[in-house]
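Taking it in order: structure first as structure tokens, then the write-up.
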Amino acid sequence: MKLLLVEDDNSLAAGLVTALAHAGYEIDHVTRAMEARQVVQARAYDVGVLDLGLPDGDGIELLRALRGRQVGFPILILTARDGLDDRVRGLDAGADDYLVKPFAVRELEARLRAMTRRHDSRLSPWRRLGALRVDLAGAGITIADVPVDLTARELAVLTSLMRVPGRIVNKETLFALVFPEEAEASDNALEVQVSRLRRKLEGAGVRIRALRGLGYRIEEADDGERS
Ligand code: CA
């Protein structure tokens with residue numbers, strides 16, 4: 001997890017860097033708004049912690065500028081000000097959460113975890129079944145956390161089945177997704193894709209069941225069964 005810390009109080013920052021590194025974050029620490037603008041151009045971050053009172057500007061202005069430039073990673077604001085207005089302005093400017101100084105590092109860590117969980121579930125629509133994980137946005141699949149290569153057609157079949165695990169996806173729907181250019185694709189062509197997919201899913205603890213005349217369904221395999 002790459003974390004950007006924007007904080008001009010060096011002693012506070014040093015403590016945070018130590019604690020957050022211990023918690024597994026890889027941290028870039030900058031002290032000025034200008035530096036923050038530069039580093040987000042150069043690197044991708046998973047999460048940010050932003051002080052509001054910076055020597056070269058207001059953290060809220062920085063936040064607004066970052067969000068305006070489509071910087072989308074979750075950001076928590078730290079503020080010594082406990083005014084309601086600042087918190088509201090921060091959230092309105094695109095902060096995901098805030099903490100008022102002084103705070104316990106454990107609380108910061110818990111808030112960072114909660115923020116990234118919320119963010120991940122919004123951004124990457126992964127679905128799990130057995131040992132299989134599928135990104136419904138089409139980015140790929142893993143079995144027991146190992147990436148597995150699928151062809152575009154196999155991936156189209158699998159993502160449409162994984163949108164509704166345990167339910168039948170009819171053949172017409174699958175045809176349209178898998179062979180969008182070919183009005184005349186045969187049952188056989190679809191079966192070929194499904195049987196290739198089954199081979200690649202061996203060991204995933206799932207099976208793709210054919211329901212004659214209806215379509216296909218993906219479900220968790222019973223013990224000892226194969227896909
Ligand atoms: Ca400050």
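Both ligands and their constituent atoms are indexed starting at 1 by order of listing. For this chain, numbers begin at 1 and follow the sequence in order. All values below come from the heavy atoms of this structure, side chains included, with hydrogens, waters and symmetry mates left out.
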**Study point:** side chain to side chain donor-acceptor pair (under 3.5 Å) between N170 and T173, worked out
**Key:** CA-CA 6 Å; N170 69 40; T173 302; 2.7 Å; yes

Review point. Is the Ca ion (ligand 1) under 3.0 Å from any N, O or S atom of D51?
Key: yes

Check your understanding: Do you see an N/O/S atom of G53, backbone or side chain, under 3.0 Å from the Ca ion (ligand 1)?
Key -> yes

Point to revise | Side-chain H-bond candidate by donor/acceptor type, E191 with S195, under 3.5 Å | key: no

Review point. Are more than 12 heavy atoms from other residues, nucleotides or ligands located less than 6.0 Å from atom CZ of R43?
Key: yes

Revision key, fill the gap. The Ca ion (ligand 1) has as its nearest N, O or S atom from D8 the atom OD1

Exercise for review: Work out which heavy atom in I60 is nearest to a heavy atom in G90; give both atom names and the distance.
Suggested key: CD1-N, 3.8 Å

